[in-house]
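Structure record follows, encoded as C-alpha cells.
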Amino acid sequence: MKIGEILNEIKQGKTLAGIGKDIGVGKEKLSASLRNAGYEFNRRDGWFFSEEGEQPLNKKYTEFIKGVRKANVSTKKRKNEETKERKNQRSNESSNVTVKEEIKQANEQVAPTLETTKERKNASSKEQTKERSNIVRKRSSFDLDVELMKELKIQAVIHDKNIYEMVETAIRQYLKDLKQY
C-alpha cells in the first residue's frame, strides 16, 4: 500500500489500526513509517507533511519501515516459547528419563494420595451431610491478615477441608469459649 492511499483512507475516517488490520501490519509500524516518510500527527490537523520537498505519496509504506522496532511478541506466543524452552531444558537435564516416564512416575506418586483422599472425603462427607443438612448459610466478606489466610489455605489442603468449613468451625469454637466465661 502506498503512503497516499494510507492518507486517503485516514481522511475517509479509517484508523491506522483498521488500515493495518486490512494489510496485516500493526498500527505502530504504520505510524512509524508515516513519521519516517516526513509526516507528523497532531490532534487538530491529523497527519500532515512537515518536511521540505515533494511528498512521497506514490512510495510504498514499506520503504519507510527502516529502524522501526518490532512490536512485542504476543503473550500467548511468548508463553509457548517459554514452555518449549522449559521442555528443552528438562530434556537436556535428564536425557535418560523421557517426559512420558516422568509423568508416569508423578502419577504413581500422586495416585495413592488421591485414593486415600477420596476415601476420607466419602467417609467424612456422609457424617457432615447429616450435620449440615439443615444449616442455612449467608455469604459474607471480610478482610484477613495475608499471612493468616495463607496458613488457612495450607491447613485446608492438609486437612482436606474447605476454607469456609475451617472458618466456621473456628468461629463456633471461639463463640463457645466466650460463652463459658
Side-chain angles (χ1 to χ4, degrees), residues 1-95 97-103 105-107 110 136-158 160-168 170-171:
M1 181 174 256
K2 295 180 180 176
I3 297 289
E5 294 170 339
I6 294 172
L7 293 172
N8 283 336
E9 288 198 28
I10 291 172
K11 286 178 185 172
Q12 293 173 2
K14 210 163 189 186
T15 64
L16 280 180
I19 298 168
K21 190 174 185 180
D22 291 344
I23 60 175
V25 176
K27 67 178 182 179
E28 292 83 9
K29 216 171 231 188
L30 278 180
S31 175
S33 65
L34 285 173
R35 290 188 200 296
N36 289 340
Y39 291 88
E40 289 184 20
F41 178 82
N42 69 35
R43 290 179 186 215
R44 187 175 51 112
D45 301 324
W47 287 98
F48 62 93
F49 190 67
S50 62
E51 293 189 4
E52 295 179 16
E54 194 174 323
Q55 294 186 42
L57 297 174
N58 292 325
K59 292 189 176 184
K60 292 185 176 184
Y61 77 94
T62 54
E63 295 178 38
F64 300 99
I65 293 183
K66 62 182 181 274
V68 177
R69 281 185 21 220
K70 288 186 176 180
N72 289 338
V73 179
S74 71
T75 306
K76 189 174 184 179
K77 192 173 184 181
R78 191 174 1 159
K79 285 182 180 177
N80 286 341
E81 289 171 359
E82 289 172 358
T83 304
K84 286 178 185 176
E85 286 178 22
R86 274 190 249 120
K87 284 181 181 178
N88 288 340
Q89 287 174 352
R90 190 184 322 149
S91 64
N92 290 341
E93 290 172 0
S94 59
S95 57
V97 181
T98 65
V99 175
K100 287 182 180 178
E101 289 174 344
E102 283 183 32
I103 293 171
Q105 290 173 356
N107 284 340
V110 172
V136 178
R137 289 200 162 70
K138 170 76 175 148
R139 181 174 297 276
S140 60
S141 175
F142 47 88
D143 297 325
L144 290 177
D145 176 43
V146 176
E147 294 301 317
L148 181 63
M149 191 62 186
K150 284 181 187 177
E151 183 64 27
L152 181 61
K153 287 179 179 180
I154 291 169
Q155 293 301 320
V157 170
I158 290 171
D160 194 32
K161 290 189 175 189
N162 291 323
I163 293 174
Y164 79 89
E165 291 174 320
M166 294 185 69
V167 170
E168 221 174 55
I171 292 172

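The minimum heavy-atom distance between N42 and D45, with the atom names listed, is OD1-N, 2.6 Å. Heavy-atom minimum distance, I3 versus Y61: CD1-CA, 3.8 Å. Between F49 and P56, the closest heavy-atom pair is CE1-CD, 3.6 Å. Closest of all the heavy-atom pairs between E165 and N162 is OE1-N, 2.9 Å. Across all their heavy atoms, I163 and A156 have their closest contact at CG1-CB, 4.0 Å.
In this structure N58 satisfies the side chain to side chain contact (heavy atoms under 4.5 Å, CB included) test with no other residue, sequence neighbours excluded. Every residue meeting the ring-ring contact (aromatic ring centres under 6.0 Å, His included) condition with F41, not counting sequence neighbours, appears here in chain and number order: W47. Residues meeting the side chain to side chain contact (heavy atoms under 4.5 Å, CB included) test with A170, sequence neighbours left out: none.
To the nearest 0.5 angstrom, I19 atom CD1 is 4.5 Å from I10 atom CD1. From L34, atom CG reaches atom CG of L16 across 6.0 Å, with rounding to the nearest 0.5 Å. Here T15 contributes atom OG1 and K27 contributes atom NZ; the two are 8.0 Å apart, rounded to the nearest 0.5 Å.
Contacts classified as ring pair (Phe, Tyr, Trp, His ring centres under 6.0 Å) and involving residues 12-33 (residues at least two apart or in different chains) are not found. Among pairs with a residue in residues 35-44, none fulfils salt bridge (Lys or Arg N to Asp or Glu O under 4.0 Å), at least two apart in sequence or across chains. Under the salt bridge (Lys or Arg N to Asp or Glu O under 4.0 Å) criterion, the residue pairs touching residues 139-154 are E147-K150, with sequence neighbours excluded. Under the salt bridge (Lys or Arg N to Asp or Glu O under 4.0 Å) criterion, the residue pairs touching residues 1-14 are E9-K14, K14-D22, with sequence neighbours excluded.
When atom types are taken as modelled, the side chain of S50 and the backbone of G38 share a donor-acceptor pair closer than 3.5 angstrom.
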